[in-house]
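Just so it is clear: chains get the letters A, B, ... in the order the sequence lines come, proteins before strands, and each one is counted from 1. Keep in mind that what you see is a predicted model, and the values were worked out from it rather than measured.
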Amino acid sequence: MDSVLEFFYVHREAIFIVVLSIFLGIEVISHVPAILHTPLMSGANAIHGVVIIGAIIVMGHAHDTLSIILGFLAVVLGTLNVVGGFVVTDRMLEMFKKKTKK
Amino acid sequence: MDTLIEITKVISFTLGGSILEVSYLIASVLFIIGLKMLSHPDTARRGNLWAALGMSLAILATILFHRMDGEPIGNIGLIVLAIALGTLIGWLIAVKVKMTAMPQLVSFFNGMGGAAAALISLIEFQHLARLGEPVNMGSGFMLAILLGLMIGSVSFAGSMVAFGKLDGRVGDIRNPVMRYINIAFMVVLTAFVVFLMTRGSVEAGAMLPYLYLFFAIALIYGVSFVMPIGGADMPVVISLLNSFTGVAAAMGGFLYSNQAMLTGGILVGSAGTILTVLMCKAMNRSLLNVIVGAFGGGPSAAGQEDGTIREISVSDLAVLMAYSRKVVVVPGYGLAVAQAQHLCHEMDKILEEKGVEVKYAIHPVAGRMPGHMNVLLAEADVPYEKLVESDDANPDMPNTDVVIVIGANDVVNPAAEDDPGSPIYGMPIVKARDARNIVVMKRGMGKGYAAIENSLFFHDKTRMLFGDAKGSLQKIVNELKAL
């Protein structure tokens, strides 16, 4: 029990962010029309590409060959996630826009 | 003098640090605003751009201002090269791929994010192992590494299988045994986390073999997790894996006390979960049901259908529609695969000219992802007002002269209403059956994606038109023009 409380205390800031973000995520999404499910999923997909920051940090402090190779790979994959995600979402939404204008 | 340099160092350090933290705060806010705007049709596109801006800011600030124990980001040349490479490939793929292949593409990019998260954990652990000092295996830091590795790997492997399935390269394994295998995997992975975390203070190097084994099992679990799931459940899985990757990214945020990763990851994790639940609701199924895989389980009570199939000729169909008052099109994935959405719209324009009212009844899970069909029809310039959700279309069905089902199957299957033994029982459907005439355009008598019989095809009011959706629609359009 003590260790759980200690864990909570040590990481209280992160835990706060996590709990609040969970509620925020639910709140932000809950009224989305079915039409937008796919673009929204795709947009959210791009946002979790934020993992690239971790990849940059790990790569930025890598000194041996293995870490550099794996880090390089992580940055490439993370970028794929970010760029691909946002571009695909934009492509989907572009079509919605064209339609509403007419 | 020395002290002055020291002071300047401290000041510049805090300045850079502040800029970094402020950038992360702005990025997090932009993510939230972006997601919010993405859930409204009018603002969706701008929302996406705002989120992308936030991401660029976070990446740039990290490269410029991030310090770990006072050490700035190194290997900058390689990092920039990696980003350039990723941008080029990602952009090319995203621009080139056809709209019908959108679901597998989202799945693919999702897998990339999962893999990146898993790699980060792997490198961090190897780093600890190289230090050769005893590490506390029971720390929150270690938990973040293990969970990031596990969730990222499951998400990566699962997304790749989902990608293969949607692309038609991987089949389903619908053996009930898979359920137990998957439960066993979950138990083993949990046991591994508990085992590694209760090792106390040990050299990380000694734990490496266990970590690699753990990594391998997580990858295999990712594959076997998605293997038995198929049919209309595919979008749910992608959405779920999407939220998994979000959580894996958040683990990275925990690892580096990085607020942008934490908020971004958790936001996607929770929003993705809610989206998953919404999709399940649209199909009237529970999430557990989808994951454990009740699909293809018990045999349908109806079993094989006996009945006669009646075909209709293209010219008869053209006449039938041209002299109708109201026609409702029920598009399915078959329409999308055949790339026939443009022809479909052409048909509806000709009919409108002839004074026929044409609407599209869109089932929430038509296509391979919720809203996928809307995107495809939008691509073909079909106006918004013509797309009706199935709940709104159903009450008007009895007044509809012709329902034309194009390449759809499960979403019009009456078994969802009549047959409690059917795996899709309870799923809301487009009640095509209630219309005066039903025309089903299909490639052949094959079963739908969910592999269940459809009694609608044997109904008295139903006529079948076999053939590729594009070819058939082209013939119909020609006939209609000639009328």
Side-chain angles (χ1 to χ4, degrees), chain A residues 7 11 14 17-18 21-22 24-26 28-30 32 34-45 47-62 67 70-90 92-93 95-97 99, chain B residues 31 35-36 38-39 44-45 48 51-52 55 58 62 68 73-75 78-79 82-83 85-87 90-91 94 105-106 109-110 112-113 115-117 119-120 123 140 239 242 245-246 249 252 254 256 261-268 270-272 274 364 369-372 374-375 378-379 384:
Chain A
F7 180 85
H11 302 289
I17 294 180
V18 166
S21 299
I22 290 173
L24 197 60
I26 295 170
V28 165
I29 293 300
S30 47
V32 57
I35 307 176
L36 285 175
H37 277 175
T38 299
L40 184 68
M41 191 207 282
S42 181
N45 177 39
I47 290 177
H48 69 49
V50 75
V51 72
I52 188 188
I53 291 177
I56 292 173
I57 295 175
V58 101
M59 177 75 182
H61 300 287
S67 296
L70 290 180
F72 187 81
L73 195 63
V75 177
V76 172
L77 298 184
T79 317
L80 267 177
N81 187 178
V82 172
V83 176
F86 281 123
V87 174
V88 161
T89 313
D90 192 60
M92 285 186 202
L93 293 168
M95 286 178 280
F96 281 97
K97 205 176 175 191
K99 199 172 42 176
Chain B
F31 290 161
L35 266 187
K36 182 79 201 162
L38 266 168
S39 38
R45 198 168 177 204
N48 184 49
M55 187 69 74
T62 306
M68 191 187 264
I73 295 280
N75 300 326
L78 281 175
I79 290 175
I83 292 177
L85 204 62
T87 305
W91 191 77
L105 202 59
V106 172
F109 289 135
N110 181 45
M112 295 302 105
L119 282 175
I120 291 170
I123 299 169
S239 177
N242 189 28
T245 313
F254 201 72
Y256 301 119
M261 286 176 81
L262 210 50
T263 24
I266 293 292
L267 207 59
V268 174
S270 80
I274 287 300
M369 272 212 271
H372 188 200
N374 302 70
V375 174
E379 191 196 11
Y384 246 154

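The candidate from B:G90, B:A82, B:G246, B:A249 with the greatest count of non-hydrogen atom pairs under 4.5 Å with chain A is B:A82. Put simply, of A:G78, A:A14, A:G43, the one with the most heavy-atom pairs under 4.5 Å next to chain B is A:A14. Counting heavy-atom pairs closer than 4.5 Å to chain B, the top-ranked of the candidates A:I26, A:V75, A:V76, A:I47 is A:I47. The candidate from B:G264, B:A58, B:A52 with the greatest count of non-hydrogen atom pairs under 4.5 Å with chain A is B:A52. Residue with the most contacts toward chain A among B:A115, B:G252, B:G265, B:G140: B:G140 (heavy-atom pairs, distance under 4.5 Å).
The contact between A:V88 and chain B is made by backbone and side chain atoms together, counting heavy-atom distances below 4.5 Å. Of the atoms belonging to A:I52, it is side-chain heavy atoms, and not backbone ones, that fall under 4.5 Å from chain B. Of the atoms belonging to B:M55, it is side-chain heavy atoms, and not backbone ones, that fall under 4.5 Å from chain A.
Nearest approach of B:F109 to A:L80, heavy atoms of both residues: CD2-O, 3.5 Å. The shortest non-hydrogen separation linking A:M59 to B:N75 is O-ND2, 2.8 Å. Among all heavy-atom pairs drawn from B:A116 and A:V51, the shortest one is CB-CG1, 4.0 Å. Residues A:V87 and B:A94 share a closest heavy-atom pair of CG1-CB, 3.6 Å. The shortest heavy-atom contact between A:S21 and B:T263 is OG-CG2, 3.5 Å. Closest heavy-atom contact between B:I73 and A:I56: CD1-O, 3.9 Å.
For the atom pair B:N242 CG and A:M41 CE, the distance stands at 6.5 Å (nearest 0.5 Å). Interatomic distance, A:L40 CG to B:I274 CD1, rounded to the nearest 0.5 Å: 11.5 Å. Once rounded to the nearest 0.5 Å, the distance linking CG of B:L267 with CD1 of A:I17 reads 12.0 Å. B:R45 CZ to A:T89 OG1: the interatomic distance, rounded to the nearest 0.5 Å, is 11.0 Å. Between the CD1 atom of A:I57 and the CD1 atom of B:I123 there is a distance of 12.0 Å, given to the nearest 0.5 Å.
Panel note: side chain B:S270, backbone A:I22; a donor-acceptor pair is recorded below 3.5 Å.
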Requested in this report: Output, in order, the C-alpha distance, side-chain angles, deciding distance and verdict of side chain to side chain contact (heavy atoms under 4.5 Å, CB included) for A:L77 and B:L119.
Outcome: CA-CA 10 Å; A:L77 298 184; B:L119 282 175; 4.2 Å; yes
Report task. Take A:V18 and B:F254, measure what side chain to side chain contact (heavy atoms under 4.5 Å, CB included) needs, and give me the verdict at the end. Result -> CA-CA 10 Å; A:V18 166; B:F254 201 72; 5.7 Å; no
Requested in this report: Starting from the C-alpha separation in whole Å, work towards a yes-or-no answer on side chain to side chain contact (heavy atoms under 4.5 Å, CB included) for A:L24 and B:I266.
Outcome: CA-CA 9 Å; A:L24 197 60; B:I266 293 292; over 6 Å; no
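Annotation: side chain of B:F31 is in contact with side chain of A:V50 (closest heavy-atom distance under 4.5 Å).
Considering only residues two or more places apart in sequence or on other chains, A:F86 meets the ring-ring contact (aromatic ring centres under 6.0 Å, His included) condition with none of them. For B:T87, the side chain to side chain contact (heavy atoms under 4.5 Å, CB included) partners at least two apart in sequence or on another chain are A:T79, A:V83, B:I83.
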